[in-house]
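On a predicted model such as this, the values are computed, not experimentally measured, just so you know. Chain identifiers are assigned alphabetically (A, B, ...) following the order of the sequence lines, protein sequences preceding nucleic acid strands; residue numbering begins at 1 within each chain.
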Protein chains: 2
Amino acid sequence: MAKIKSNRNSTRKEVIITEAAKLFREKGFSATSMRDLAEHVGVEAASLYNHISSKAEILQEICFKVANLFMTHIEEVDNSPVSAIAKIEAILRFHIRQMIEHYEEVYVSDREWKHLTEPYMQNMQSQRRAYRQRIASIIDVGIRKGEIKDIDAPTAVLIMLHAVSGIESWHRSTRKIEGHVLEDNMVMILVEGLKK
Amino acid sequence: MAKIKSNRNSTRKEVIITEAAKLFREKGFSATSMRDLAEHVGVEAASLYNHISSKAEILQEICFKVANLFMTHIEEVDNSPVSAIAKIEAILRFHIRQMIEHYEEVYVSDREWKHLTEPYMQNMQSQRRAYRQRIASIIDVGIRKGEIKDIDAPTAVLIMLHAVSGIESWHRSTRKIEGHVLEDNMVMILVEGLKK
DNA sequence: ATAAAACACTAACAGCTGTTAGCGAAAATA
DNA sequence: TATTTTCGCTAACAGCTGTTAGTGTTTTAT
């Protein structure tokens, strides 16, 4: 029957993954069936396997794409010659923007990575740990330099990262403020909360 | 075979629900099967139905128990004659303590309520909206009285509530700081971030 | 001790799960 | 135009899903 999408800008595989991200976000990975996904793509379930090799692979692609994005960015920020608090602000703003612009995939990566199969799940777990550890180190430097309050750095990281995932509510809200206003508000509360 | 637990303090139904909360937290509602749950309870799957009427009912009990707890508490706090910032701090501390002490059920309620069946899901959705709205109103009062920065109240609520759910990472962490230290750190960052 | 209630068991159900095989049509390449 | 590759289809699989019926045993109440 009809082939997948008239795709000028994206491969059929990308179409599938994008649609999957939407469904995984709405209903969760486990509650989304391949027949479900197929229907939204406009194809029979079996046809999906001409483009992807398994349901698990879809989740892997989503999770690692997002993880790489953040890993690359933090590397860049951390190597720049600015204050600790400026680094934290840059990281926070990046998280917020990604969460606003690439909502589905970022959110899925954050909430559903536990459903990865081995060895991907272990891998992701270490990446996440390393990422948080890296932010904590920046905060610790900030504390030693007197830029940041004397707080427990891991706790600050935990607050920052989880606060960002609250942007989900913003997305589902009917009367949303504008994205950049949201961003500035979040930065104001969180970064001010850290400053000495 | 063996009956469920030697239960002096809790009914068999409560044992099942407690065990279910653990599994739902680890693997999610959809990825937890009744046979899975039965095994952890030490019984055959069919036997569970002598105590509960469906898998859906288990989730309902967890979600509404938690929702009632927070609804009752906010009522109490909001009727007390203290400053807006003190109310916010009280609500935040309550969230943190509940998340520390009743981790599994609070977390499941927060993450898995979307899997409730109708009309429970609609009901829960309104309760959650009302709850957030109520906190936002307290913040707005605080802003008008000059206690709190001029920020977007719904954004502040979103940050507060989601930050708390980050306590999940704390629970799974190997080197945890003590509960009350965690609490004070979170309050320091978040409440100071709000203050004018 | 006897009757009643609570409850765990086995067996089975209908429906859904991810996935594969094989076939034919469409699209791309030569 | 002829050939090869791409890809959607139907049919089917084995295993798992929540749940019910019916039976027998253990615990509780009389």
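Comparing dC9(C), dT19(D), dC9(D) against the side chain of Val43(B) picks out dC9(C) as the nearest. Which of dA11(D), dT10(C), dG18(C) sits closest to the side chain of Tyr49(A) comes down to dG18(C). Of the candidate nucleotides dT17(D), dT19(C), dT19(D), dT19(C) has the atom nearest to the side chain of Ala45(A). When each of dG18(D), dA21(D), dG18(C) is scored by its nearest atom to the side-chain atoms of Ser33(A), the top-ranked nucleotide is dG18(C).
The separation between Arg35(A) atom CZ and dC13(D) atom P is 14 Å, rounded to whole Å. Summarising the geometry, the separation between CD1 on Ile16(A) and P on dC7(D) is reported as 10 Å, rounded to the nearest angstrom. The distance between atom CG of Asp36(B) and atom C1' of dC16(D), rounded to the nearest whole Å, is 11 Å. Between the C1' atom of dG18(C) and the CD atom of Glu57(A) lies a distance of 14 Å, rounded to the nearest Å. Regarding Glu39(B), its CD atom lies at a distance of 11 Å from the P atom of dT17(D), rounded to whole Å. We find that CD of Glu44(A) is positioned 14 Å from C1' of dT19(C), with the value rounded to whole Å. Summarising the geometry, the separation between NZ on Lys13(A) and P on dT6(D) is reported as 14 Å, rounded to the nearest angstrom. The separation between Ile52(B) atom CD1 and dT20(D) atom C1' is 13 Å, rounded to whole Å.
For Arg12(B) and dC7(C), the shortest distance from a side-chain N or O to OP1 or OP2 is below 4.0 Å. For His51(B) and dA8(C), the shortest distance from a side-chain N or O to OP1 or OP2 is below 4.0 Å. Between Ser47(A) and dC7(D), a side-chain N or O to OP1/OP2 separation shorter than 4.0 Å is absent.
With salt bridges taken as basic N to acidic carboxylate O contacts below 4.0 Å, none links Asp110(A) and Arg25(A). The pair Glu26(B)-Lys22(B) fails the salt-bridge criterion, with no side-chain N (NZ, NE, NH1 or NH2) lying under 4.0 Å from an Asp/Glu carboxylate O. Taking a cutoff of 4.0 Å between a charged side-chain nitrogen and a carboxylate oxygen, Glu39(A) and Arg35(A) do not qualify as a salt bridge.
Residue Thr32(A) is in sugar-phosphate contact alone, with no base atom involved, counting any heavy-atom pair closer than 4.0 Å across all strands shown. Here Ala56(A) lies out of heavy-atom contact (under 4.0 Å) with every strand.
Relative ring orientation between Phe70(A) and Tyr131(A) is described as perpendicular, the plane-to-plane angle rising above 60° on a 0-90° scale split at 30° and 60°.
Each of Lys55(B) and Asn50(B) was matched to the nucleotide of DNA chain D holding its nearest heavy atom; the match closer to the 5' end belongs to Lys55(B).
Nearest heavy atom pair, residue Ile91(A) against residue Val77(A), reads CG1-CG1, 4.1 Å.
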